[in-house]
Chemist: 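Here you go, one structure.
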Amino acid sequence: MSERDEETFKSVDLKQQNQKSPVTMSEKDEETFNSVDLEQQNQKSPVTMSEKDEETFNSVDLEQQNQKSPVTMSEKDEETFKSVDLKQQTQKQTPEPDIHPQQSHSETEKPSTPAAEAKAETTPSPRASAVKAKWKSSAEQFKVKKFFVLRPGTLDQGIEDVKSLVDPTEDGAVQGVWLMAEIDHWNNEKERLVLITENTLLICKYDFIMLHCQQIQKIPLNFIDRICHGTFCFPPNSLLKREGEGVRVFWDKLREPSFTSRWNPFSVDYPFCSFTYHPVRGANEQLGRLCEIENFREELTLAAQKAHSKNPIPGKANGVLVLNQPILIEAYVGLMSVIGNQNKLGYCLARGNIGF
């Protein structure tokens with residue numbers, strides 16, 4: 001074959017090959033082109049596609065959850081709403097009280113006076129008042145402990161010694177014992193043990209240091225005609241003062257004390273005797289019962305009435321008159337009583353060592 005024929009043959013062969021598979025080459029090229037195009041598009045916007053897919057997935061997931069449990073969520077919301085609504089209603093229906101009342105316009109505008117400021121400054125603090133009260137109570141306890149009657153067994157021994165001096169045939173059985181302070185006509189206080197028996201009132205001067213009875217005054221109960229109880233008082237021109245209450249027992253209302261007896265500080269012929277509380281009455285419960293004046297007055301009234309009905313006195317009105325009135329002490333200057341009462345000279349008291 002010549003060269004021209006060979007070239008013609010090759011061209012014809014190429015044409016035939018192209019005619020046989022023209023699509024094959026174009027499909028490969030198109031797939032290659034499409035793959036390259038998709039890669040470029042993914043590189044340009046990879047995030048946009050993922051966000052859309054994620055939103056779609058989340059929305060589908062929420063719809064499925066709501067379809068599975070739609071009632072549970074609504075019940076919780078409804079309970080929360082009801083609880084909040086009830087709290088708001090109770091707050092509206094029960095208003096809080098006004099702790100700080102509103103002051104009027106005139107009161108708020110009223111300026112504070114210097115006297116009020118000075119009063120506020122002079123008011124002691126709670127701590128200072130507590131310390132002062134504690135110191136005062138400690139000082140009082142120290143003073144009370146100095147009485148010999150508080151020594152262990154001293155009071156019991158004194159009561160037994162006094163009871164042993166009672167005559168059962170003349171006085172009768174003992175009905176009660178009291179520890180009190182007697183006040184004489186010059187306002188002097190004296191420590192006394194007082195006994196009430198069936199027939200007699202016994203006023204005993206007992207020495208709690210030496211533990212023996214020094215003096216006994218016996219008053220028949222059927223002689224008692226009047227019992228007064230109340231606060232103590234003095235004449236208008238007197239310089240003395242006494243606080244507290246007491247009881248005065250009269251047994252001869254027809255006899256008045258003489259002039260010499262009034263001005264004699266050691267006189268003992270007065271037709272009455274006065275009693276008040278002992279200073280140790282608040283030390284313990286037992287002493288509180290022994291020093292109670294009201295119980296003494298009631299027991300003495302009942303015992304005197306029984307004695308009057310049992311053994312009346314001829315020519316004398318029987319019965320006991322009980323009066324609630326001030327008890328008069330006719331003392332004016334009383335320097336001796338002031339010194340004696342402040343130092344408790346009428347009591348058995350521990351006074352320390354005295355010497356040189």
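Note that the numbering runs from 1 along the sequence shown for the chain. Atoms considered below: every heavy atom in the structure, side chains included; atoms not considered: hydrogens, waters and symmetry mates.
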Chemist: With the side chain counted from C-beta on, respond yes when Asp184 and Tyr270 share a heavy-atom pair under 4.5 Å apart, and no when they do not.
Modeler: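 Result no, sub-4.5 Å side-chain heavy-atom pair not found.
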Chemist: Where do Val338 and Leu240 come nearest, in terms of heavy atoms and distance?
Modeler: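 Val338 and Leu240 have their closest heavy atoms at CG2-CD2, 3.7 Å.
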Chemist: Taking Asn343 for the side chain and Ile339 for the main chain, is one N or O donor matched with an acceptor at less than 3.5 Å?
Modeler: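 Flag set: sc Asn343 to bb Ile339 pair under 3.5 Å.
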Chemist: So, Thr200 side chain and Leu202 main chain: donor-acceptor pair closer than 3.5 Å or not?
Modeler: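 Answer holds: no.
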Chemist: As an exercise, state the distance from OG of Ser337 to CD1 of Ile183, rounded to the nearest 0.5 Å.
Modeler: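 These two atoms lie 10.5 Å from each other.
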Chemist: In this structure, would Leu349 and Leu211 fall into the same cluster of hydrophobic residues linked by side-chain contacts under 4.5 Å?
Modeler: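 As far as the 4.5 Å side-chain criterion goes, Leu211 and Leu349 are connected within one cluster.
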Chemist: Val149 vs Glu191, test: side-chain contact (heavy atoms from CB on, under 4.5 Å). Steps then yes/no.
Modeler: CA-CA 10 Å; Val149 72; Glu191 191 174 33; 4.0 Å; yes
Chemist: Would you say that Ile159 contacts Gln157 through its side chain, given a criterion of any heavy-atom pair below 4.5 Å between the two side chains?
Modeler: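 The answer is no; the side chains never approach within 4.5 Å.
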Chemist: Same hydrophobic cluster for Trp251 and Val320, using side-chain heavy-atom links shorter than 4.5 Å among ILVMFWY?
Modeler: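 Looking at the clustering, Val320 is in the same group as Trp251.
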Chemist: Where do Phe275 and Val194 come nearest, in terms of heavy atoms and distance?
Modeler: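 That would be CE2-CG2, 3.8 Å.
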Chemist: Could you give the distance from NZ (Lys241) to CG (Leu239), rounded to the nearest 0.5 Å?
Modeler: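 The distance works out to 9.5 Å.
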Chemist: Give the intermediate values and the outcome of side-chain contact (heavy atoms from CB on, under 4.5 Å) for residues Ile293 and Met180.
Modeler: CA-CA 8 Å; Ile293 289 181; Met180 293 185 292; 4.1 Å; yes
Chemist: Please determine whether side-chain contact (heavy atoms from CB on, under 4.5 Å) holds for the pair Glu160 and Asp156, giving the CA-CA distance in whole Å, both sets of side-chain angles, and the decisive distance to 0.1 Å.
Modeler: CA-CA 6 Å; Glu160 293 297 328; Asp156 297 335; 5.6 Å; no
Chemist: With side-chain contact (heavy atoms from CB on, under 4.5 Å) as the test, would you mind laying out the steps for Asn264 and Arg262 before giving the verdict?
Modeler: CA-CA 6 Å; Asn264 182 10; Arg262 292 178 186 272; over 6 Å; no
Chemist: Looking at Glu182 and Arg192, does any basic side-chain N land under 4.0 Å from a carboxylate oxygen?
Modeler: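 Yes, this pair counts.
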Chemist: Tell me whether Asn284 contacts the main-chain N or O of Gln286 through its side chain, where contact means a donor paired with an acceptor under 3.5 Å.
Modeler: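 Looks like yes, one N/O pair under 3.5 Å.
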Chemist: Checking Phe147 now: which residues fulfil ring pair (Phe, Tyr, Trp, His ring centres under 6.0 Å) with it, not counting sequence neighbours?
Modeler: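 Result, ring pair (Phe, Tyr, Trp, His ring centres under 6.0 Å) vs Phe147: His278, Tyr347.
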Chemist: Mark yes or no for whether Asn222, through its side chain, and His308, through its backbone, hold a donor-acceptor pair below 3.5 Å.
Modeler: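 No; zero donor-acceptor contacts below 3.5 Å.
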Chemist: What heavy-atom pair brings Ser267 and His185 nearest, and what distance separates the two atoms?
Modeler: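 Taking Ser267 first and His185 second, the nearest heavy atoms are O-CE1, 3.6 Å.
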Chemist: What are the two closest non-hydrogen atoms of Leu193 and Leu155, and how far apart are they?
Modeler: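 For Leu193 and Leu155, the tightest heavy-atom pair comes out as CD2-CD1, 4.3 Å.
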Chemist: Please examine the side chains of Ile227 and Arg297, heavy atoms only from C-beta on, and report whether any two atoms are closer than 4.5 Å.
Modeler: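 Side chain of Arg297 against side chain of Ile227, heavy atoms only: contact under 4.5 Å found.
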Chemist: Please confirm whether the backbone N or O of Ala331 pairs with a side-chain atom of Ser238, one donor and one acceptor, at under 3.5 Å?
Modeler: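 Present.
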Chemist: Rounded to the nearest 0.5 Å, how far apart are CG of Leu221 and CG of Leu302?
Modeler: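 Reported to 0.5 Å precision, the distance equals 11.5 Å.
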Chemist: Counting only heavy atoms not in Lys344, do more than 12 fall under 6.0 Å of its NZ?
Modeler: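 Counting other residues, nucleotides and ligands, NZ of Lys344 exceeds 12 neighbours.
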Chemist: So if you build clusters from Ile, Leu, Val, Met, Phe, Trp, Tyr with side-chain heavy-atom gaps below 4.5 Å, do Ile203 and Val177 land together?
Modeler: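 No, because Ile203 and Val177 fall into different hydrophobic clusters, even though each may have its own neighbours under 4.5 Å.
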Chemist: Scan for ring-ring contact (aromatic ring centres under 6.0 Å, His included) pairs involving residues 194-250, sequence neighbours excluded, and state none if there are none.
Modeler: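 Every pair satisfying ring-ring contact (aromatic ring centres under 6.0 Å, His included) with a residue in residues 194-250: Tyr206-Phe208, Phe250-Phe272.
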Chemist: Any chain of hydrophobic side-chain contacts (each under 4.5 Å) joining Leu201 to Leu323?
Modeler: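 The answer is no; the residues belong to distinct hydrophobic clusters.
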Chemist: What is the distance from atom CD1 of Ile327 to atom CD of Glu245, rounded to the nearest 0.5 Å?
Modeler: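 Rounded to the nearest 0.5 Å, the CD1-CD separation comes out at 8.5 Å.
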Chemist: Take Thr197 and Asp171 through the side chain to side chain donor-acceptor pair (under 3.5 Å) test and state the conclusion after the steps.
Modeler: CA-CA 6 Å; Thr197 64; Asp171 303 324; 5.1 Å; no
Chemist: Return the set of residues passing side chain to side chain contact (heavy atoms under 4.5 Å, CB included) with Glu292 (not counting sequence neighbours), or none when no residue passes.
Modeler: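 Residues passing side chain to side chain contact (heavy atoms under 4.5 Å, CB included) with Glu292: Tyr277, Glu294, Asn295.
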Chemist: Looking only at atom types and distance, does a side-chain atom of Asn341 sit under 3.5 Å from a main-chain N or O of Glu189, one as donor and one as acceptor?
Modeler: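 Side chain of Asn341 to backbone of Glu189: a pair is present.
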Chemist: Does some side-chain heavy atom of Asn311 sit less than 4.5 Å from a side-chain heavy atom of Pro220?
Modeler: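 A side-chain contact under 4.5 Å is absent here.
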Chemist: Any idea which heavy atoms bring Cys213 and Leu165 closest together, and the distance?
Modeler: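 Between these two residues, the closest heavy atoms are CB-CD1, 3.8 Å.
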Chemist: Group every Ile, Leu, Val, Met, Phe, Trp and Tyr by side-chain heavy-atom contacts under 4.5 Å, then state whether Phe296 and Leu195 land in the same group.
Modeler: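 Phe296 and Leu195: separate clusters.
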Chemist: Please indicate whether Gln214 has more than 12 foreign heavy atoms, meaning atoms of other residues, nucleotides or ligands, lying under 6.0 Å from its CD.
Modeler: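 More than 12 within 6.0 Å, yes.
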Chemist: What heavy-atom pair brings Cys204 and Val162 nearest, and what distance separates the two atoms?
Modeler: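 Heavy atoms of Cys204 and Val162 come nearest at SG-CG1, 3.4 Å.
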Chemist: Is a donor on one side and an acceptor on the other found under 3.5 Å between the side chain of Thr154 and the backbone of Leu150?
Modeler: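 Checking the backbone N and O of Leu150 against the side chain of Thr154, no donor-acceptor pair under 3.5 Å is found.
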Chemist: Between CG of Leu321 and CD1 of Ile224, what distance do you get to the nearest 0.5 Å?
Modeler: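 The CG atom of Leu321 sits 13.0 Å away from the CD1 atom of Ile224.
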Chemist: State the CG-CZ distance between Asp207 and Phe148, to the nearest 0.5 angstrom.
Modeler: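 Separation between the atoms: 9.0 Å.
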Chemist: Parallel under 30°, tilted from 30 to 60°, perpendicular over 60°: which one fits the rings of Trp263 and Trp186?
Modeler: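 Rings of Trp263 and Trp186: perpendicular, as their planes differ by over 60°.
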Chemist: Decide yes or no on side chain to side chain donor-acceptor pair (under 3.5 Å) for Asp269 and Ser261, but give the supporting numbers first.
Modeler: CA-CA 7 Å; Asp269 61 347; Ser261 298; 2.9 Å; yes
